[in-house]
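Worksheet: one structure, shown below.
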Amino acid sequence: MFELKLLSKEAIPRAIEKADRYRLLNEPSDAESICLDVLAADPDNQRALVVLILAVSDQFGQEGFHVQQHQPRELLARIRDPYERAYYTGVVHERQAKSTRRRHVQDSMAVESFHKALKSYEEAMAIRPAGNEDAILRWNTCARIMTHHRDLQEVEQERGEAYGD
């Protein structure tokens with residue numbers, strides 16, 4: 001229908017900054033579109049992949065315009081750095097869990113996603129660069145959510161798998 005315009009390589013850093021800004025302005029579909037433009041010009045741009053993963057997961061559970069149907073798993077597989085891949089896998093699972101809770105879908109689905117997030121964050125912690133404790137911060141957030149919500153605790157008890165036991 002439309003032939004998309006291509007970015008020049010020189011425009012990529014500024015475009016990624018704009019994508020970050022649109023995410024912060026709660027315009028994830030705009031950030032997604034920009035990342036797709038960057039990746040069309042530089043298919044292996046790791047920063048654009050990360051911003052795209054975040055922009056896509058920002059949209060979990062939202063109705064409205066989505067630029068393109070993405071599977072975060074496919075995007076995550078393109079992240080070369082093992083730490084980054086594990087960390088952002090955790091972020092995606094955590095956001096799926098939170099989206100499930102907001103939509104009042106089965107708590108068991110949220111618990112399962114939280115467990116996947118915790119596992120991914122643990123993988124990231126094991127290989128984290130010195131001084132980078134982002135995975136610890138995210139792990140603690142998930143653990144606190146799981147600990148402080150009675151409905152999630154009940155699912156844990158039903159499953160008989162309280163995390164860390």
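Heavy atoms only: backbone and side chains are in, while hydrogens, waters and symmetry mates are out.
In this structure, a donor-acceptor pair under 3.5 Å is absent between the side chains of Asn132 and Tyr87. Neither side chain, Tyr22 nor Glu32, offers a donor N or O lying under 3.5 Å from an acceptor on the other.
At a threshold of 4.5 Å between non-hydrogen side-chain atoms, the residues Glu27 and Arg21 do not count as touching. Side-chain contact check for Ile16 versus Asn45: some heavy-atom pair is nearer than 4.5 Å. Side-chain contact between Gln96 and Met109 is absent, with no heavy atoms from C-beta onward closer than 4.5 Å. Contact check for Pro72 versus Phe60: side-chain heavy atoms found under the 4.5 Å cut-off. Counting only heavy atoms from C-beta outward, the side chains of Ile136 and Tyr121 never approach each other to under 4.5 Å. Looking at heavy atoms from C-beta onward, Trp139 lies in side-chain contact with Glu122 at the 4.5 angstrom threshold.
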* Output, in order, the C-alpha distance, side-chain angles, deciding distance and verdict of side-chain contact (heavy atoms from CB on, under 4.5 Å) for Arg14 and Lys18. => CA-CA 6 Å; Arg14 185 170 173 184; Lys18 283 190 173 298; 4.2 Å; yes
* Asked: Under the salt bridge (charged side-chain N to carboxylate O under 4.0 Å, His left out) criterion, do Asp20 and Arg47 qualify, and how do the steps go?
  -> CA-CA 10 Å; Asp20 278 329; Arg47 182 65 191 144; 3.0 Å; yes
* Asked: Would Gln46 and Ile79 satisfy side-chain contact (heavy atoms from CB on, under 4.5 Å), going step by step from the backbone distance to the final call?
  -> CA-CA 6 Å; Gln46 296 295 290; Ile79 301 290; 4.0 Å; yes
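Minimum interatomic distance between Met125 and Arg128 (heavy atoms only, all atoms of both residues): O-NH1, 3.1 Å.
Using a 4.0 Å cut-off between a side-chain N of Lys or Arg and a carboxylate O of Asp or Glu, Lys116 and Glu112 qualify as a salt bridge.
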